[in-house]
Amino acid sequence: AAPAVAVAGASVAVAAPRVAAPLALDHDEVLRRLGGHRFDARSRIRSLDGETTEEDLAEEIHLQVDAGGQYRLMHDNGQGLGKEVVFVGGVLHTRHRYGAFLARLAGAGEAARLRAEAWATLGAYLDTCAHGIEVIDEGSGRLRIALSAAPRRARRQPFPEKQWRESVTVEAAEGRATIEDGVPTVVALRLAYAFQKAGRRPRVEIDYTHRVTRGVPSIHAPEALPTPVRRSLEDERKRLLGGP
């Protein structure tokens, strides 16, 4: 993994996908290589639970980050839910779409974790299917993602909630990535896989695109309310009872 980058909001470790670099870059390294940039990603996930229930979820992620690690992050989905985060001067301003911003000091590594998770969407998709895909270097800064002719066994999962990944069968994989300064700046990906869970065999289809552009306007703090501080119930009880 790349060393931590010295930016506002301490770096935190984010699991990298077990696929060929540079698709495995974490966001600290992207920031180190590009400086300030904008990241725009869109995905659509369609799933069938193995019987009749079908789900369709569209998501958008928009991240603007300056060279010092201050950023604005918007995450929306097709169900009208999402969040917005602005990190400036060590303060996190957060809101659920579209409420008022609440401001508070960021905890250790919290700000870096939020932007790292936004960037890691592609990595999470690829990691699930890593044993069944190939990443082919076509030269001139271009990678091609394809279904593996000789799929490997999915790696063992140490946590019970992730053991379904051991049964993943990758059915389709098709994608392209343009690489600039070692960073995947333009990506288009389609994946389809099935897995075993609770006696059923759900199937998932993913369409994902992202684009990274250099440069970003200055990040400014929005108008925000202070995060409410929870009062001590014991202090209130003493006041009500007239105790010390």
Side-chain angles (χ1 to χ4, degrees), residues 1-43 59-77 81-97 99 101-128 130 159 162 177 179-185 187 208 210-227 229:
V5 63
V7 296
S11 174
V12 291
V14 175
R18 298 193 177 187
V19 295
L23 299 181
L25 287 182
D26 62 26
H27 193 255
D28 281 348
E29 184 62 17
V30 173
L31 187 56
R32 182 192 302 279
R33 297 185 183 193
L34 300 184
H37 60 273
R38 179 178 177 121
F39 167 66
D40 298 290
R42 292 175 173 81
S43 63
E59 291 189 302
E60 292 190 12
I61 295 173
H62 303 285
L63 172 66
Q64 300 178 43
V65 56
D66 68 19
Q70 300 186 129
Y71 64 83
R72 177 183 294 273
L73 168 64
M74 289 178 284
H75 184 181
D76 292 310
N77 64 35
L81 303 174
K83 65 182 179 183
E84 186 170 359
V85 180
V86 180
F87 176 61
V88 177
V91 177
L92 273 175
H93 307 78
T94 61
R95 68 174 176 177
H96 295 292
R97 305 287 276 159
F101 278 103
L102 297 178
R104 59 182 172 81
L105 289 175
E110 183 181 9
R113 175 182 59 79
L114 291 172
R115 63 174 170 79
E117 289 176 348
W119 169 261
T121 302
L122 171 63
Y125 293 155
L126 291 174
D127 190 48
T128 300
F159 303 108
K162 291 187 176 182
I179 310 301
E180 298 179 18
D181 291 330
V183 175
T185 54
V187 174
Y208 172 89
H210 88 218
R211 179 178 293 273
V212 178
T213 52
R214 295 177 189 264
V216 67
S218 298
I219 308 298
H220 299 288
E223 292 186 6
L225 302 172
T227 298
V229 177

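Considering every non-hydrogen atom in both Ile219 and Gln64, the closest pair reads CD1-O, 3.8 Å. Scanning all heavy atoms of the two residues, the minimum distance from Leu73 to Ala118 falls at CD1-CB, 3.8 Å. Taking every heavy atom of both residues into account, Arg72 and Phe101 meet most closely at NH1-CZ, 4.4 Å. Counting all heavy atoms, side chain and backbone alike, Val88 lies closest to Ala221 at CG2-N, 4.0 Å.
For Glu180 and Arg33, the salt-bridge test fails: no basic side-chain N is under 4.0 Å from an acidic carboxylate O.
Distance alone, capped at 3.5 Å, places no donor-acceptor pair between the Glu59 side chain and the His75 backbone. Judged by distance alone, the side chain of His210 and the main-chain N or O of Pro184 form a donor-acceptor pair under 3.5 Å. In this structure, Asp181 contributes its side chain and Val183 its backbone to no donor-acceptor pair below 3.5 Å. The backbone N or O of Ala111 lies less than 3.5 Å from a partner atom in the side chain of Tyr71, making a donor-acceptor pair. In terms of modelled atom types and a separation under 3.5 Å, the side chain of Trp119 and the main chain of Leu63 share no donor-acceptor contact. Checking side-chain atoms of His93 against main-chain N and O of Val86 turns up a donor-acceptor pair under 3.5 Å.
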Report task. Please test Met74 against Glu60 for side chain to side chain contact (heavy atoms under 4.5 Å, CB included), starting from the C-alpha separation and ending with a verdict. Result -> CA-CA 8 Å; Met74 289 178 284; Glu60 292 190 12; over 6 Å; no
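For the pair Val65 and His37, the minimum side-chain heavy-atom distance is below 4.5 Å. Counting only heavy atoms from C-beta outward, the side chains of Leu105 and Val91 approach each other to under 4.5 Å. Between Arg42 and His62 the shortest side-chain heavy-atom distance falls below 4.5 Å.
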